[in-house]
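As structure tokens, the structure follows; a few thoughts come after it.
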Amino acid sequence: MTERNSTADPDRALALPPVADRASFQAQLDSLRLREKAHTREGDAIAAARRRLPMVEVAADLELTGPGGPVTLLDAFEGRRQLIAYYFMWHDGHTAADQCEGCTWVTNQVQELSFLHSRDITYAVLCQGPYEESHRYREFMGWDMPWYSALPSKDELLVGRRVGMMHVVCYLRDRGRVYETYWTTLRGVEAMDYSYALMDLTVYGRQEQWEDSPPGWPQDKDVPPEHPMRSNGRPIPQWSRINAGRSDDLRPRLWRCSGDSR
């Protein structure tokens, strides 16, 4: 089975916006642009307020698991001043197809880290499941960002929040001490995404039922039984990996001794 193509019938009749001449179109767009600019300025003001929040100290020696075994939260900074940590939801013992579609969606957007590094920021995933199993998921997806298991300390790292939920948490390092400066969850993690931001520019938007769209607009992407980030029983980004022949087997690997040539 392959990924379902949402444009399998591109000629099927859909509701359309009214047609206008160029001058009328531009006049209405200019009016909307005033609201867009106000929205941008409000976003700048919110970011300014975010930079003025107090911070709370977090134990720098809280244990994570990395590729070489135990490390600390301080180690995850990789020597940089700031750390953005994405807390990936994990379903222990489940197949790759049953892992979190939302976490897969946003994590798949984060591809280029050099701009963050240029501002002295490290980005890392702190998965809330065991390292070996979740790291195999990282390999299947082809991600190359730093990846740790937060399992040894997740209750302390996410104190006061719903452990097991997706979170973005920002940290600041002052020499050997670590402070938490901001966190968000649920739709707040859309800050990592560009797909939805681009969809929002299009006439049909995200095509999800909650959106305020004109009558007749396609809005079937969150109709049960599938989540809008799933297609044919899998998180959508997995299909290109499956079609490329990658193994999505997350089960523990059995290592043979060097003398066993079978």
Measure from NZ or CZ of R187 to the centre of the six-membered ring of W210, then state whether that distance is under 6.0 Å and the direction lies within 45° of the axis.
->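 Judged by the rule, R187 and W210 form a cation-pi pair.
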Cut-off 3.5 Å, no hydrogens considered: what does the side-chain donor-acceptor table look like for residues 30-39, sequence neighbours left out?
unit_1, atom_1, unit_2, atom_2, d
D30, OD1, Q26, NE2, 2.9
R33, NH1, E36, OE1, 2.8

Pair [X]-[Y], side-chain donor/acceptor within less than 3.5 Å:
| X | Y | value |
| --- | --- | --- |
| Q109 | S195 | yes |
| S24 | D21 | yes |
| E112 | S114 | yes |

Ion pair present between [X] and [Y], side-chain N to carboxylate O less than 4.0 angstrom?
| X | Y | result |
| --- | --- | --- |
| D248 | R234 | yes |
| R206 | E208 | no |
| R161 | E180 | yes |

Is it the case that more than 12 heavy atoms not belonging to Q28 sit under 6.0 Å from its CD atom?
->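 No.
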Can any side-chain N or O of R241 pair as donor or acceptor with the backbone N or O of P237 at less than 3.5 Å?
-> yes
Under a 4.5 Å cut-off applied to non-hydrogen side-chain atoms, are Y86 and M166 in contact?
->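 They are in side-chain contact.
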Under 4.5 Å between any side-chain heavy atoms of V159 and E156, yes or no?
->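 Counting from C-beta outward, V159 and E156 never come under 4.5 Å.
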Taking ILVMFWY side chains as joined if any heavy atoms are under 4.5 angstrom apart, and letting links pass through other members, which residues group with Y171?
-> V58, L62, L64, V71, L73, L74, F77, L83, Y87, L126, Y148, L157, L158, V163, V169, V178, W183
Aromatic plane relationship, F140 with Y137 - under 30° parallel, 30 to 60° tilted, over 60° perpendicular | tilted
Fit a plane to each ring of W147 and W143, take the angle between them on a 0 to 90° scale, and name the class: parallel (under 30°), tilted (30 to 60°) or perpendicular (over 60°).
-> parallel
Who passes ring pair (Phe, Tyr, Trp, His ring centres under 6.0 Å) against Y196, sequence neighbours left out?
-> W105
Group every Ile, Leu, Val, Met, Phe, Trp and Tyr by side-chain heavy-atom contacts under 4.5 Å, then state whether M229 and M192 land in the same group.
-> yes
